[in-house]
Every structure is written in C-alpha cells, then in structure tokens.
Amino acid sequence: MNTDNCSISGETIDYGPCAFIDAYDPAAVFSSIDQFGRYAYASQPGIVQWNLARLAECLLPLMGADETETLAFAQDAIGSGFAARFAQAYEDGLRRKLGLATALEGDKALASALLDRMAENRADFTLVFRRLCAAADDPAADGPVRDLFVDPTAFDSWAVDWRSRLAVEGGEPGARAAAMRAHNPAVIPRNHRVEAALAAAVERDDLGPLQALAAALADPYADRATDDPDAAPPPTAAVPYRTFCGT
C-alpha cells in the first residue's frame, strides 16, 4: 500500500501491481522497488498514519485561524486517536477470525502467538484461518491446519490455549464455525492464479481462466473442494512473488 493508494474514505486501492500474502510473513514486500521494506505488510498501519499526517498538513490552513489549536487537534486525531482506533479494529478483526464473540484480556496475546508461529513455520495465512473453522467444531479436524506448519507441534501447543479460550466463550460449536467462515475466506486472488489468467488473456486471447477466477472471487466465503486450484496454496515455483512498477 503506497501513499497514493490510500483514499480519504479509509480504503486502499491500487490499480497495480499488487499482491496478496500466501505464507504469512510480517516483513513481506512484493514491489521490486521497495528495497528497504517501507511498505512491508507489518509496516502498513504506520504508513496509513503517515499518509493521514500528509493529508492533514494540506488541510491545516482550512481548519481554522488559530494554527496552534488546529495543529493540536490534528496531532491528537492522527497520533493517539488513529493508533487507538486502529488497534481496536485490528484486535476485533482477529477475534472474529478466531471465533471469539466477546473481548477478554489476553485475546491479543493469543492471536499474536498464532501469527508468530505461522511466520516461523511459513504457514499459509488464508488457509490457516479457514481451516480453523472446522477445527473449532471438532479437535479431530486439526489435521488439515496442522499440515500447514513446518513443525505441526507449533500449532498443537497454541491450539490448547485457543480451545481453553473457546471454552470460556461458550456457545454452540456449529454456530461458531459458521460465524468464522463468514470472516475467513476460502479463496483470495492468489498471485499465481492472477498471473495465469493474465497470461491466458494476453498470450492466447483466452478469457476463460479470468472469468473462472472472477466467478470464484465473487463468492469467496463458500466452501471449496479440497482439489479446487483457487483454494490451494501456490506451487513452489511461484514463490517468492515480485511485482514491477514503471514509476
């Protein structure tokens, strides 16, 4: 997410090139020109804040005659205000992905522990959370999510704490899994699938792969067959992925 891709509505929009994370890595950088990781995945909240500060600098002359007062207002809104609101939204989003409907102390640490294990084990971001939906219903369904970790025991030790937290939460397992599936997509625009669709269109004038991918992305939360290529991680040959920009 570059600075010119951040809209005033809070959405991030990039015509291209862009990319989606496969194996979770907070230091992930896809652009070939971002040699120092300014726009790395974990750095993006800070970049949003930086973007807002630049916008505020342009608006300060229009915000009032008292420069000291308007500057203090902007600093409060973008400094502590943004940081607190982002942290809350981020934690709430992770709770929903983990099947937690209430907020308890320790939830952030629980989510962070999973993300740390995913990064250490190169586990697929999308598939870990999607497969947790089934595991929330039945511990016997842990196999598919465990298989995403280089060291499956890294998941096992975390899952003990997760299930203890789910027990505190209570509720019906079926309802919890259904709620989780509404927040954890089965399909994302996998970089290698996008590239294949573009290649087919450009090199063979074949729009079939592009249309099939668009159809899959129109319903990303629907369950998929285990052999569905749109719901599978990338082949080894497609990693690492790099994008190239002419600017």
*For Ser32 and Gln35, work out which heavy atoms get closest and say how close.*
O-CG, 4.0 Å
*Which pair of non-hydrogen atoms, one from Met118 and one from Val128, has the smallest distance, and what is that distance?*
SD-CG1, 3.8 Å
*Using the salt bridge (charged side-chain N to carboxylate O under 4.0 Å, His left out) rule, take Asp25 and Arg122 through it: C-alpha gap first, then chi angles, then the decisive distance, then the call.*
CA-CA 7 Å; Asp25 179 6; Arg122 303 292 297 166; 3.8 Å; yes
*All pairs passing salt bridge (charged side-chain N to carboxylate O under 4.0 Å, His left out) where residues 48-68 contributes a residue, at least two apart*: Arg54-Glu57
*Measure the spacing between CZ of Arg95 and NZ of Lys108 and express it to the nearest 0.5 Å.*
10.5 Å
*His192 versus Ala232, closest heavy-atom pair with distance*: CE1-O, 4.1 Å
_Taking Arg131 first and then Asp142, would you say they form a salt bridge - that is, a charged N and a carboxylate O separated by under 4.0 Å?_
no
*To the nearest 0.5 Å, tell me how far Arg117 CZ sits from Ser112 OG.*
11.0 Å
*Donor-acceptor pair between Glu195 and Asn191 side chains, under 3.5 angstrom*: no
*asked:* Classify the ring geometry of Phe155 against Trp158: parallel below 30°, tilted from 30° to 60°, perpendicular beyond 60°.
replied: tilted
*After noting the C-alpha distance and the side-chain angles of Phe36 and Val29, does the key distance pass the side-chain contact (heavy atoms from CB on, under 4.5 Å) rule?*
CA-CA 9 Å; Phe36 301 103; Val29 171; over 6 Å; no
_Which heavy atom of Asn184 sits nearest to which heavy atom of Lys97, and what is that distance?_
OD1-NZ, 2.8 Å
*Trp50, Tyr90: one ILVMFWY side-chain cluster at the under-4.5 Å cut-off?*
no
*Min side-chain heavy-atom separation Asp219-Arg224 under 4.5 Å*: yes
*Working for side-chain contact (heavy atoms from CB on, under 4.5 Å), residues Met180 and Leu132*: CA-CA 8 Å; Met180 290 175 67; Leu132 277 179; 3.9 Å; yes
_Return the CG to CG distance between Leu55 and Leu60, rounded to the nearest 0.5 Å._
9.5 Å
_Rounded to the nearest 0.5 Å, what separates atom CG in Leu127 from atom CG in Asp22?_
9.0 Å
*Heavy atoms, side chains only, cut-off 4.5 Å: are Leu114 and Leu94 in contact?*
no
*Can a salt bridge be assigned to the pair Arg130 and Asp223 using a cut-off of 4.0 Å between side-chain N and carboxylate O?*
yes
*Do Val239 and Ile21 belong to the same hydrophobic cluster, where Ile, Leu, Val, Met, Phe, Trp and Tyr are linked whenever their side-chain heavy atoms lie under 4.5 Å apart, directly or via other members?*
no
*Criterion side-chain contact (heavy atoms from CB on, under 4.5 Å) on Phe129 and Leu98, from CA distance to verdict*: CA-CA 7 Å; Phe129 284 104; Leu98 293 176; 3.9 Å; yes
_Can you tell me how far apart OG (Ser31) and CZ (Arg242) are? Round to the nearest 0.5 Å._
9.0 Å
*Shortest non-hydrogen contact from Asp34 to Tyr39?*
OD2-N, 2.8 Å
*For the hydrophobic clusters of this structure (ILVMFWY residues joined by side-chain heavy atoms under 4.5 Å, transitively), does one cluster hold both Phe20 and Tyr241?*
no
*Could you pull out the closest heavy-atom pair between Pro26 and Ala40, with the gap in Å?*
O-CB, 4.0 Å
*Report yes or no: does Asn121 contribute a side-chain atom to a donor-acceptor pair with the main-chain N or O of Asp151 at less than 3.5 Å?*
yes
*Output the rest of the hydrophobic cluster of Leu198: all Ile, Leu, Val, Met, Phe, Trp and Tyr residues reachable through side-chain heavy-atom contacts under 4.5 Å, sorted by chain and number.*
Val187, Val194, Leu213, Leu217
*If only atom types and distance count, is the side chain of Arg165 paired as donor or acceptor with the main-chain N or O of Asp161 below 3.5 Å?*
no
*Would a 4.5 Å heavy-atom cut-off, applied to side chains only, mark Leu52 and Phe82 as touching?*
yes
_With a 4.5 Å cut-off on side-chain heavy-atom distances among I, L, V, M, F, W and Y, is there a chain of contacts connecting Phe86 to Leu115?_
yes
*Are Val160 and Asp156 close enough that some pair of their side-chain heavy atoms sits under 4.5 Å apart?*
no
*Tyr24 vs Tyr41 aromatic rings, parallel, tilted or perpendicular, using cut-offs 30° and 60°?*
perpendicular
*Would a hydrophobic clustering, with Ile, Leu, Val, Met, Phe, Trp and Tyr connected at side-chain separations under 4.5 Å, put Ile188 with Leu210?*
no
*For the salt bridge (charged side-chain N to carboxylate O under 4.0 Å, His left out) test, which of Asp228, Asp230, Asp124 pairs with Arg190?*
Asp124
